[in-house]
Structures are given as structure tokens and as C-alpha cells.
Amino acid sequence: MAVKIKLKRLGKIRSPHYRIVVADSRTRRDGRAIEEIGLYHPVQNPSRIEVDTERVQYWLGVGAQPTEPVMAILKVTGDWQKFKGLPAPAPMLLPATKEDKRRAFDEFTKGLEAGAAKGEAITPKAKKSEKKDEAAAAESAESTEA
């Protein structure tokens, strides 16, 4: 019997959450599982990932194959690197909050106000009447040549 570590989908239509489960490879996606070893809630900000490291290491050790999405989750948590004997991944950074983004924008605009660039147009704007005069002059020059 081939055993897979895969995601079992739960939740409403537009608010999915998953359980990381160990199941027979022939079962349906949301079918019967041998064991539940974690949670994954992608809609939350930041995503909620909980994995029972001991059980993951056990199942990987006895030959369970993770699916691609589960392997990506295990790489984020560092369980895959631990199983393979690789160095641990860098810690995950939380996404910037609105206040952090606002502060960075304010610092950027202060630098512009200090004289780096004023944001002025390089070429002066021509008025509509001047454009009409230039077009008329070009047409009269073409008619005199012919």
C-alpha cells in the first residue's frame, strides 16, 4: 500500500482550510485518512501552518510520499530540510502592515521634497491654440510647395 501525505480540504466555497493528513494514495482527496498531522489555513494573514514535526518525521521515515503542495509547506516549516539533513530555512517574515507601508512612503516623499527630484515636467506644455497655429503653418507650407 502506497501512503501519501496530502491536503484534505475543508471549509466553505471561498474560505478554504486544509488538514495535512496521511492517507492511502488510492483514497479520494477528502476521503478517509490514516492520521491527521497538521493544519494549513491559507486565507488568514499570515497563513496559519501547524505541523506535528514528530509525526511528519516518522511518516517520511517509513516511506510516505508528500504531494507537491505538502512538500512546499514542509519546506516552509523546515521539516523537509530536517528529514533530508539540510540546513534549516530562513525564518519567515511577516508581511508589512499598513502602518509600515505608510511610514516607508512618508520617508520616500520626504527625500523627494528635500530636492532630489521635484516631479516637474521636462518640456513645457504647449497650449491648444499654439498647436493649432503650428498645424496651420505646416499645412500652408505644404500647399505652397506643391
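Count residues from 1 along the sequence.
Summarising the geometry, atom NZ belonging to K101 is positioned 14.5 Å from atom CG belonging to D106; distances are rounded to the nearest 0.5 Å. Separation of atoms CZ (R48) and NE2 (H41) is listed at 4.5 Å; rounding is to 0.5 Å.
Residues I37 and I5 meet the side-chain proximity criterion, which asks for heavy atoms closer than 4.5 Å. Taking the side chain as every heavy atom from C-beta outward, R19 and L10 approach each other to under 4.5 Å. Within the 4.5 Å cutoff, side-chain heavy atoms of P66 are placed close to those of W80. Between V76 and P89, the closest side-chain pair of non-hydrogen atoms is not below 4.5 Å. Annotation: side chain of K8 is not in contact with side chain of Y18 (no heavy-atom distance under 4.5 Å). Between V21 and L7 the shortest side-chain heavy-atom distance does not fall below 4.5 Å. In this structure, the side chains of I20 and V70 come closer than 4.5 Å at one or more pairs of heavy atoms. At a threshold of 4.5 Å between non-hydrogen side-chain atoms, the residues W59 and E35 count as touching.
Every residue two or more places apart in sequence or in another chain was checked for a side-chain hydrogen bond (donor to acceptor under 3.5 Å, both in side chains) with E68, and none qualifies.
The nearest pair of heavy atoms linking S25 to K4 is CB-CG, 3.7 Å. Taking each heavy atom of F83 and G61 in turn, the nearest pair found is CE1-N, 3.8 Å. Of all heavy-atom pairs between P16 and P42, the closest is O-CD, 3.7 Å.
One hydrophobic cluster holds both I49 and M71 under the rule that ILVMFWY side chains link at heavy-atom gaps under 4.5 Å. Put simply, L86 and V56 are part of two different groups of oily side chains (I, L, V, M, F, W, Y) that touch within less than 4.5 Å, one to the next.
Side chain of T109 to main chain of F105: a donor-acceptor pair is present (N/O by atom type, distance under 3.5 Å, no hydrogens or angles).
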For residues 27-34, please give each side-chain donor-acceptor pair under 3.5 Å, one per line with the distance, not counting sequence neighbours.
| from | atom 1 | to | atom 2 | distance (Å) |
| --- | --- | --- | --- | --- |
| T27 | OG1 | K6 | NZ | 3.3 |
| T27 | OG1 | D24 | O | 2.8 |
| D30 | OD1 | R9 | N | 3.0 |

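The salt bridge (Lys or Arg N to Asp or Glu O under 4.0 Å) analysis of residues 73-85, with sequence neighbours excluded, yields no pairs.
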